[in-house]
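In what follows, every heavy atom counts, from backbone to side chain, and hydrogens, waters and symmetry copies are set aside. Nothing here was measured: the structure is a model prediction, and the numbers come from that model. Remember, it's 1-based here, ligands and their atoms both numbered in the order they're listed.
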Amino acid sequence: MTSVARRLPTVLRPPQAQNIGGFDVEKLRRDFPILKQKIRGRRLVYLDNAATSQKPQAVIDAISHYYERDNSNVHRGVHYLSERATEEFENARQTVQRFINAASASEIIFTRGTTEGINLVAQTYGRTHVGPGDEILVTALEHHSNIVPWQLLRDEKGAKLRVAPVNDSGELLLEEFEKLLSPRTNIVAVTHISNAIGTVIPLRQIIEMAHRRNVPVLVDGAQAVPHLTVDVQALDCDFYTFSSHKLYGPTGMGVLYGKSALLDAMPPYQGGGDMISSVTFEKTTYNKLPYKFEAGTPHVAGAIGLGAAIDYVNALGIENLAAHEHDLLAYATEKVSALPGIRVIGTAKEKAAVLSFVLDGVHPHDVGTILDQEGIAIRTGHHCAQPVMQRFEVPATARASFALYNTREEVDVLVEGLQRVQEVFA
Ligand code: 7TS
């Protein structure tokens, strides 16, 4: 990693370095150039972090430095630049390995994002293990990207998709989940945190229940990795996948973790350069892990940017970040719930960083449009989780989602904006 990529967050640079408990958000915001701009003459209030988070200067610098200094293809050249690019690319893999505590860097496969990670497992592990009448178990909280790849597999194989229900707070019903684990279940695929309503699911118990029946578990960690410590060995999950862009890193980049015994036994996903060890027209043998699953020129700058994003988060401490976001969510929940005619969707005891709600008599799209006039960015719609909307019998919600740089003042601006929406529609 370049020296620039290692730049610490402003808040942690001396002399503040000794004073991290304070989590000085105003200082930290200066690390994010995009937050400095005015939107429609107002200070930008960015509350759409579940869709994608903003990038600190350290990540932007790491990417531009790579293109300015080191750009070259990896794993192939004997020349200086190729060696340097390869070293940085593989350093980023090790950074990811340490970040989620994988046993080996060869268990870290670089992908385009969470979506590709899930499709990879469905198309390789799934296609070789799921047959007619077999069952794939998901929850009622899934993002479409943890539903549709399994439906494609189901339809190809004549398998069945089972769905574990949630209660009216949006909490997974563990007993129901356990009942749905049958002798035909071949894989469990669950979201760690719901993007639509913020529920954190009891992942450890789910994995234990599945493993008692020898069923492997894939975890969609897209919304979890930016908000809590993930230790794949402690969880004992079989696959864990996430996207860089929700973790302050670049788009088009993601990670699939898999236990090496499983990955080794799986057929490749895509064919092409880098994933082979030898090719003749008669026969091809495949490369070792993780390269077997990384066909073609990878997103080198993306991996380096992700590594820089993880360095940034690590320097702040994910526990500090989680505590700050927890405070924001509690504050926002209290303030928004106190408004008349507002219903919060998703009131689970364990939640992270997402506040979804509906206003009586106002379509969420109108809420979003009026807030946008005030420089407030939230997401409205079904959040690519239509079954969650169906479960709560709403067509859509308005969703505010938080990141490390959000403040209580921004929550106050949101609440004022919502009051203005109510005045307009009164
Ligand atoms: N899984 C979950 C839980 C997600 O929240 C998302 C994206 C994905 C998978 C897909 O991630 P991708 O990076 O491969 O696209 N969620 C959202 C969202 O809530 N608003 O925009 C994207």
Backbone, side chain, both or neither: what part of Arg379 comes under 4.0 angstrom of ligand 1, heavy atoms only? side chain

Protein contact to atom 3 (C) of ligand 1 [nearest heavy atom, distance to 0.1 Å]: Asp220 OD2, 3.4 Å

Any idea which atoms of ligand 1 are less than 4.0 Å away from a heavy-atom of Ser145? 1 (N), 8 (C), 9 (C), 10 (C)

Does a salt bridge link Asp238 with Lys259, judged by any charged N lying under 4.0 Å from a carboxylate O? yes

Side chain, backbone, both or neither: which part of Thr114 has a heavy atom under 4.0 Å from ligand 1? both

Out of curiosity, is Cys384 lining ligand 1, as in a heavy atom under 4.0 Å away? no

Will you find, in the side chains of Asp61 and Gln57, an N or O donor that is under 3.5 Å from an N or O acceptor? yes

Should the proximity of Ala222 to ligand 1, defined as any heavy atom under 4.0 Å, be assigned to the side chain, the backbone, both, or neither? side chain

Arg399 N/O to ligand 1 N/O under 3.5 Å: yes

Is it the case that the side chains of His324 and Asn406 hold a donor-acceptor pair, with the cut-off being a distance below 3.5 Å and no angle test? no

Within a reach of under 6.0 Å around CZ of Arg204, are more than 12 heavy atoms found that belong to other residues, nucleotides or ligands? no

Do the charged groups of Arg93 and Glu90 touch, with an N to O distance under 4.0 Å? yes

Filtering Lys246, His383, His245, His192 for the heavy atom nearest atom 16 (N) of ligand 1 leaves Lys246

Hey, which atoms in ligand 1 end up nearer than 4.0 Å to a heavy atom of Thr115? 10 (C), 11 (O), 12 (P), 14 (O), 15 (O)

If you count the atoms of ligand 1 from 1 in the order shown, which ones are under 4.0 Å from a heavy atom of Thr191? 3 (C)

Would you say the side-chain atoms of Asn186 and Asp134 include a donor-acceptor pair closer than 3.5 Å? yes

Taking atom types as modelled, find out whether His143 and Asp220 have a side-chain donor-acceptor pair closer than 3.5 angstrom. no

